[in-house]
There are 2 protein chains.
Amino acid sequence: MDIRKFLLSTFLFDSFSEKEIDLLVNFASIKKVNKGEQIFSEGQEASAFFIVISGKVKIYKLSPDGKEHTLHIHGKGETVAEAAIFDSMDYPASCMAIEDSVLVRISREGILSLIRKYPELAFKMMSGYSRRLRQFVQKIEELSLKDIKSRLAGYLLENSFEEGGALIYNLSCSKKEIASLLGTIPETLSRALAFLKQKNLISEKNNTIIIKDPEKLKLFSG
Amino acid sequence: MDIRKFLLSTFLFDSFSEKEIDLLVNFASIKKVNKGEQIFSEGQEASAFFIVISGKVKIYKLSPDGKEHTLHIHGKGETVAEAAIFDSMDYPASCMAIEDSVLVRISREGILSLIRKYPELAFKMMSGYSRRLRQFVQKIEELSLKDIKSRLAGYLLENSFEEGGALIYNLSCSKKEIASLLGTIPETLSRALAFLKQKNLISEKNNTIIIKDPEKLKLFSG
DNA sequence: AAGAGTCTTTGACTTAAATCAATAAAGCGT
DNA sequence: ACGCTTTATTGATTTAAGTCAAAGACTCTT
């Protein structure tokens with residue numbers, strides 16, 4: 001298992017050179033967690049951030065009445081909690097494995113000392129931050145001015161891939177989780193999916209959604 | 001408009017010291033553009049990035065058949081094209097003012113040389129990115145699990161200040177803008193305000209909102 | 001294979017907020 | 001001051017999405 005390759009696939013480090021990645025690896029370690037295991041909790045001191053090698057973890061917050069809202073699900077190659085490192089000493093949300101997972105842990109002190117020594121690395125990371133920020137802005141826009149059907153259509157197009165000439169989305173996590181990602185509840189997602197099926201834009205079997213008419217779906221996501 | 005003050009109010013530079021801002025200002029200039037004026041074009045060398053002081057600009061791409069597609073609209077306080085700067089790349093899309101606008105222009109070479117010389121500035125900037133990210137996380141949370149009345153109550157408490165023993169919120173911008181900030185429309189904001197007034201939690205006169213009962217309002221924002 | 005448990009779907013209902021529409025009030029330029 | 005435009009409020013209606021409830025499908029365990 002080559003940690004370097006994974007680091008190069010994250011938005012924060014994808015423009016690092018091999019040598020720069022080697023420097024980074026000095027501060028990285030492997031962390032294995034079981035499904036349901038807590039990785040960190042909201043309010044804890046942020047001593048490190050993580051990158052998922054395999055499995056899936058969710059970032060979530062609890063609302064005052066104890067309801068859980070998933071902000072993000074991180075899969076293979078994605079970074080977790082890097083925002084907490086430079087700003088607060090505390091994690092701004094909680095993180096839990098939703099599958100047995102393997103993570104790279106990068107220590108806060110490690111990454112900070114590295115940037116002090118090699119400021120060029122900061123340029124590359126800031127470019128990554130900038131991109132991440134735009135993702136959030138887009139999510140807020142979508143939440144406030146698109147309905148569920150549009151958000152679902154956009155999500156499917158965004159996360160599908162081509163396979164044998166057809167656009168495929170793999171239902172790798174539960175619809176409950178997807179609903180939460182889209183800022184809604186399972187019932188509503190279920191109805192939205194039914195609607196798109198009924199319009200013959202998608203079909204579903206064996207935990208995969210087949211996008212039958214990407215063009216029309218794109219119109220919907222508008 | 002004092003560039004220093006403005007820069008200190010942006011998320012990217014708000015933790016800079018006076019001296020650091022002075023260094024930055026050496027590479028900053030004001031750029032005024034009229035509605036419809038081009039700010040940069042796709043493929044040009046990215047020689048600078050911008051922060052919007054007033055007005056609005058759009059980021060757009062032209063498809064091969066000449067059709068324009070708006071990717072994003074940036075308003076006051078937002079950064080434009082900074083990813084391209086850190087990537088040392090060409091502008092990946094074009095930018096045009098859609099209103100008469102005023103921007104700060106910060107040269108690529110300027111900001112890069114500054115960070116090379118003072119790597120600590122990169123921490124402050126990344127910390128700025130982090131804080132902004134957390135703001136967005138919070139905004140997403142509020143949008144998905146609070147109703148307008150709660151969001152308004154929270155917003156008022158968040159943005160009010162004490163004056164003569166009373167909590168005051170100054171209506172410095174139009175209610176239209178506040179509505180947009182809260183992710184709703186003026187009519188709904190108007191009704192939410194009326195509701196809070198009717199509950200005797202707030203009152204309004206002369207473009208100021210007086211929070212008469214902060215404790216009860218706090219309960220509402222929960 | 002049977003039972004317990006969670007997911008998922010579907011239906012009936014409720015509610016928050018958007019839309020549509022019509023005034024009223026406040027700015028602004030001449 | 002006068003129109004003219006933009007902004008703000010209020011009412012009636014519609015709609016999207018949440019809630020509640022029930023049943024079917026799917027795991028997992030024993």
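All chains are named by letter (A, B, ...) in the order of the sequence lines, taking the proteins before the strands, and each is independently numbered beginning at 1.
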Is the charged tip of B:Lys31 near the ring of B:Phe50: under 6.0 Å from the six-membered ring centre and within 45° of its axis?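 Checked: cation-pi criterion not met.
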
Do A:Lys58 and A:Tyr60 form a cation-pi contact, if we require the NZ or CZ to be under 6.0 Å from the six-membered ring centre and within 45 degrees of the ring's axis?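 Pair A:Lys58/A:Tyr60 counts as cation-pi.
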
Could you tell me whether the phosphate oxygens of [N], OP1 or OP2, come under 4.0 Å of any side-chain nitrogen or oxygen in [X]?
| X | N | value |
| --- | --- | --- |
| B:Lys176 | D:dT7 | yes |
| B:Ser174 | D:dT6 | no |
| A:Lys149 | D:dA16 | no |
| B:Ser190 | D:dT9 | yes |

Considering every strand and a 4.0 Å limit on heavy-atom distances, what is the contact class for A:Ile148: base, sugar-phosphate, or nothing? sugar-phosphate

Give one of base, sugar-phosphate or nothing for B:Leu193, where a contact means two heavy atoms less than 4.0 Å apart.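 Nothing: the residue B:Leu193, judged by heavy atoms under 4.0 Å, touches no strand.
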
Give the nucleotide from the list D:dA17, D:dT19, C:dA18 with an atom nearest to the side chain of B:Thr184. C:dA18

Which residue, A:Ser144 or A:Thr188, contacts DNA chain C at a nucleotide closer to its 5' end, judged by nearest heavy atom? A:Thr188

Roughly how many Å is it from [atom1] in [X] to [atom2] in [N], rounded to a whole number?
| X | N | atom1 | atom2 | value |
| --- | --- | --- | --- | --- |
| B:Arg191 | D:dA8 | CZ | C1' | 11 Å |
| B:Leu143 | D:dG18 | CG | P | 13 Å |
| B:Phe195 | D:dA8 | CZ | C1' | 20 Å |
| B:Glu142 | C:dA17 | CD | P | 13 Å |

Could you work out, with side chain to side chain contact (heavy atoms under 4.5 Å, CB included) as the rule, every residue matching B:Thr10, not counting sequence neighbours?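 Scan of B:Thr10 (side chain to side chain contact (heavy atoms under 4.5 Å, CB included), adjacent residues dropped) gives B:Phe6, B:Leu12, B:Phe13, B:Ile51.
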
Atom NZ of B:Lys76: over 12 foreign heavy atoms under 6.0 Å: no

For B:Lys56, does the NZ atom sit with more than 12 other heavy atoms under 6.0 Å from it, leaving out its own atoms? no

Reading nucleotides 24-29 of chain C 5' to 3', which nucleotides get B (base under 4.0 Å from a protein heavy atom), which S (sugar-phosphate only), which -? ------

Ring centres of B:Tyr169 and B:Phe161 under 6.0 Å apart? no

